[in-house]
Amino acid sequence: MVVTLDDTKRSAIAMKLADMKAIQELIIQNEEQILNEITDSEIRDRIRKMIEDDRKNKGVLETVNVQYGIQAEPEKTVTEMVNKVRQLMQGSELSLYEKVFQHELLKHQQVMSGLTIHKAAQKVGADVMMAIGPLNTINFENRAHQEQLKGILEILGVRELTGQDADQGIWGRVQDAMAALSGVVGSAVTQGSDKKDMNVQDVIRLDHNKVNTLFTELLASNDPQKIQEYFGQIYKDLSAHAEAEEEVVYPRVRSFYGTSDTQELYDEQADMKRRLEEIKAIDPSASQFKDKIRQLMDVVGDHIRQEESTMFAAIRNNMTSDESEQLATQFKAAKQKIQEKAAK
Ligand SMILES: [Fe+2]
Ligand SMILES: [Fe+2]
């Protein structure tokens, strides 16, 4: 069979995620620009806090991108829009009010992209829902930022028109609007307020859970096209995960996890890769396809159990949490490079 590893719906979502990342970078630049131009201390504090949230959310978006498993470039129209807005924000044609207004529009766009991806993911599969889960936090924070930007606009607008300060009470209303939002998206708030960096075990476990979900989805489906789509994603995810482990994780743990145990992990992954290639050549509607998938699932299951029990324990006992967080960053970066190479 011809395995088209690029399912169109999945690629379209990858592109939307790339759009979000490009816009997120612009959002941070805009806020730095606005901070330069504002003297009001209350507004400055709020913008500073926003920049902090947005930098963290850029990191979350990068994690989601890698977790999603398909790297894409942003749409051409989005890149053009980003360049245009950047010019406007850095130039002197727009008043401060107009700049904040532009920025609020951008936040709105970001919220809508995030919500759209969330809804689209529900249509494509449980594995996609899982990968993009952290977007909820970003969506919530962007909604909360929108409320604050509206408050800032009122203050700046009244000042530009009358030279006087608006009535008090604007921040009170902003606070109420944000509280109403957090009622709707309660859990996202607690997630957002205490984001801790993931260690390498967390990041590896996310991948393992995702591939297990994909196996379950595939085996439950009788639609050859869906089966091919799920297999395409399993192929991509397992290949990138295994290659990144071999590049950064296994060499790092070998000294304390032991040469023979580490070698076993390499051998199991070689077996896994051989099976992936074998399945890739089989028609998904052939009866042996699912049998081969079940066998692969068993091999992967044993391998995952070994990593999550003994290898994770060895990491916990021999690496500090800082070291494990650094390894997580290296692992994600390696995976991203591999995914980018595969996309070409
Ligand atoms: Fe693994
Ligand atoms: Fe592995």
Trainee: Please tell me if the side chains of Val85 and Gln29 come closer than 4.5 Å, counting only heavy atoms from C-beta onward.
Mentor: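 Val85 does not reach Gln29 side chain to side chain.
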Trainee: Does Asp45, at its CG atom, have more than 12 non-hydrogen atoms belonging to other residues, nucleotides or ligands within less than 6.0 Å?
Mentor: yes
Trainee: Does this structure show an ion pair linking Arg294 with Asp291, if we count only N-O contacts that are shorter than 4.0 Å?
Mentor: yes
Trainee: Heavy atoms only: give me the nearest Arg44-Ile38 pair and the separation to one decimal.
Mentor: NH1-O, 2.9 Å
Trainee: Report the C-alpha distance between Glu307 and Tyr257 in whole Å, list the side-chain angles of each, state the deciding distance to 0.1 Å, and finish with yes or no for side-chain hydrogen bond (donor to acceptor under 3.5 Å, both in side chains).
Mentor: CA-CA 11 Å; Glu307 285 181 350; Tyr257 184 50; over 6 Å; no
Trainee: In terms of hydrophobic clustering (I, L, V, M, F, W, Y; side-chain heavy atoms under 4.5 Å; direct or indirect links), are Ile170 and Met178 co-clustered?
Mentor: yes
Trainee: Do Val174 and Lys150 come within less than 4.5 Å of each other through their side chains, counting heavy atoms only?
Mentor: no
Trainee: Looking at Lys84 and Glu80, is any side-chain nitrogen of the basic one under 4.0 Å from a carboxylate oxygen of the acidic one?
Mentor: no
Trainee: Does Gln122, at its CD atom, have more than 12 non-hydrogen atoms belonging to other residues, nucleotides or ligands within less than 6.0 Å?
Mentor: yes
Trainee: Return each pair, listed once, that meets ring pair (Phe, Tyr, Trp, His ring centres under 6.0 Å) where at least one residue sits in residues 318-344; pairs must be two or more places apart or across chains.
Mentor: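 Those involving residues 318-344 are His241-Phe331.
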Trainee: Ignoring hydrogens and geometry beyond distance, is a side-chain donor-acceptor pair present between Ser285 and Asp283 at under 3.5 Å?
Mentor: yes
Trainee: Please answer: with hydrophobic residues joined when any side-chain heavy atoms are less than 4.5 Å apart, are Tyr235 and Ile338 in the same cluster?
Mentor: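 Result: no, two separate clusters.
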Trainee: Do Asp237 and Asp127 come close enough that some side-chain heavy atom pair is under 4.5 Å?
Mentor: no
Trainee: Where does the angle between the aromatic ring planes of Phe312 and His208 fall among parallel (under 30°), tilted (30 to 60°) and perpendicular (over 60°)?
Mentor: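 Ring orientation, 0 to 90° scale: parallel.
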Trainee: Under the criterion side-chain hydrogen bond (donor to acceptor under 3.5 Å, both in side chains), I'd like the reasoning laid out for Asn139 against His118: C-alpha separation, chi angles, the key distance, then a yes or no.
Mentor: CA-CA 10 Å; Asn139 292 344; His118 189 79; 5.5 Å; no
Trainee: Compute whether any side-chain donor of one residue and acceptor of the other, for Gln24 and Gln110, lie under 3.5 angstrom apart.
Mentor: yes
Trainee: Is the closest side-chain donor-acceptor distance between Asn57 and Glu141 under 3.5 Å?
Mentor: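 Looking only at side-chain atoms, Glu141 and Asn57 do form a donor-acceptor pair, the distance falling under 3.5 Å.
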Trainee: Check whether more than 12 heavy atoms from other residues, nucleotides or ligands sit under 6.0 Å from atom CD of Gln225, and answer yes or no.
Mentor: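 No, CD of Gln225 has 12 or fewer neighbouring heavy atoms, counting only those of other groups under 6.0 Å.
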Trainee: Taking the basic N atoms (NZ, or NE/NH1/NH2) and the acidic carboxylate oxygens, is any pair closer than 4.0 Å for Arg275 and Asp298?
Mentor: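 Looking at Asp298 together with Arg275, the answer is no, because their closest N to O distance does not fall below 4.0 Å.
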Trainee: State, with a plain yes or no, whether a side-chain heavy atom of Ile204 is found less than 4.5 Å away from one of Met311.
Mentor: yes
Trainee: Would you find more than 12 non-hydrogen atoms of other residues, nucleotides or ligands less than 6.0 Å from Glu73 atom CD?
Mentor: no
Trainee: Salt bridge check: are Lys226 and Glu229 linked by an N-O gap of less than 4.0 Å?
Mentor: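 Looking at Glu229 together with Lys226, the answer is yes, because their closest N to O distance falls below 4.0 Å.
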Trainee: Is it true that Ile43 and Ile51 fall in one hydrophobic cluster, defined by side-chain heavy atoms closer than 4.5 Å?
Mentor: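 Yes; Ile51 is reachable from Ile43 via cluster members.
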Trainee: Under the ring pair (Phe, Tyr, Trp, His ring centres under 6.0 Å) rule, what pairs show up with a residue in residues 87-110, not counting sequence neighbours?
Mentor: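 Every candidate ring pair (Phe, Tyr, Trp, His ring centres under 6.0 Å) pair involving residues 87-110 fails, so no pair, neighbours aside, qualifies.
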Trainee: What residue pairs, at least two apart or across chains, pass ring pair (Phe, Tyr, Trp, His ring centres under 6.0 Å) with a residue in residues 50-89?
Mentor: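 Listed by first then second residue: nothing to list.
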Trainee: Could you tell me which non-hydrogen atom of Leu218 sits nearest to which non-hydrogen atom of Lys290, and how far apart they are?
Mentor: O-CE, 3.8 Å
